[in-house]
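This is a predicted model, so every value here is computed, not measured.
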Amino acid sequence: MVRHDSNGKTRESEHICHLSNDRSALSPELRESLAARIGTEMEKILEYLKLSDLSRLGGMKGVRVRLYCNAGLDTLDKLSNWNPEELWAMLVDFVRKTGFEGIPPLPKEVSSTIEAAKKLERLIGY
């Protein structure tokens, strides 16, 4: 069942949960078909798919996933290519400059997230 907020909009978490279980969005071609079928913009499907993919990393839920995406680290490959100390500094700076509603991860969390991203199976085609 899809839940809606007080304005009648589907909650973001519902989209993420649905896409994480729906293989119809894994390739660009399948996303186009899905967008046409359900009447949703391709950009929204891709956004929710990226959030869903990052949420497969341990400890990456809700606000933390949104932080990484908003900071431009919206794919496992982008995340995997960072040096832990540089990524931590970038995230601290991002939160400070943007007023992001959340706190940056601890340095140890950044290191383990990068290592997990390197090992996690790639399921999505971009």
Q.
Is there a path of hydrophobic side-chain contacts, each under 4.5 Å between heavy atoms, that joins Phe94 and Val63?
A. yes

Q: Only counting residues at least two apart or in another chain, list the ones meeting salt bridge (charged side-chain N to carboxylate O under 4.0 Å, His left out) with Glu85.
A: none

Q: Over all heavy atoms of both residues, which pair between Pro105 and Leu91 is shortest? Give the atoms and the distance, please.
A: CG-CD1, 3.7 Å

Q. Are the side chain of Trp88 and the backbone N or O of Leu106 linked by a donor-acceptor pair below 3.5 Å?
A. no

Q: Please identify each residue that fulfils side-chain contact (heavy atoms from CB on, under 4.5 Å) with Ser111, with sequence neighbours left out.
A: Pro84

**Q.** Heavy-atom closest contact (Leu67 atom, Ile103 atom, distance)
**A.** CD2-O, 4.0 Å

Q | Lys61: partners by salt bridge (charged side-chain N to carboxylate O under 4.0 Å, His left out), with sequence neighbours left out | A | none

(Q) If I compare all heavy atoms of Leu123 with all of Arg56, which pair ends up nearest, and what's the gap? (A) CD1-NH1, 3.3 Å

Q | Student check: side-chain heavy atoms of Phe100 and Arg66 closer than 4.5 Å | A | yes

Q.
Please find the pair of heavy atoms, one from Leu73 and one from Lys78, that lie closest to each other, and give the distance.
A. CD2-O, 4.0 Å

Q: Decide yes or no for Asn70 and Thr98: does some side-chain heavy atom of the first lie under 4.5 Å from some side-chain heavy atom of the second?
A: no

Q) With Asp77, which residues qualify under side chain to side chain donor-acceptor pair (under 3.5 Å), at least two apart? A) Arg122

Q. Do the non-hydrogen side-chain atoms of Asp53 and Leu49 ever get within less than 4.5 Å of each other?
A. no

Q: May I ask you to test the Leu87-Thr113 pair for a side-chain heavy-atom distance under 4.5 Å?
A: no

**Q.** Side-chain donor or acceptor of Ser33 paired with backbone N/O of Leu30 under 3.5 Å
**A.** no

Q.
When you compare the side chain of Ile124 with that of Arg31, does any pair of heavy atoms fall below 4.5 Å?
A. yes

(Q) Taking Met42 as the starting point, is it possible to reach Leu51 by hopping between hydrophobic residues whose side chains are less than 4.5 Å apart? (A) no

Q. Hey, does Asp74 have a side-chain heavy atom less than 4.5 Å from the side chain of Leu46?
A. no

Q.
Show every salt bridge (charged side-chain N to carboxylate O under 4.0 Å, His left out) that has at least one partner inside residues 100-114, sequence neighbours left out.
A. Arg64-Glu109

Q: Quick one: list whatever passes side chain to side chain donor-acceptor pair (under 3.5 Å) with Lys97, sequence neighbours left out.
A: Asp93

Q) Are any non-hydrogen side-chain atoms of Leu54 and Lys50 less than 4.5 angstrom apart? A) no

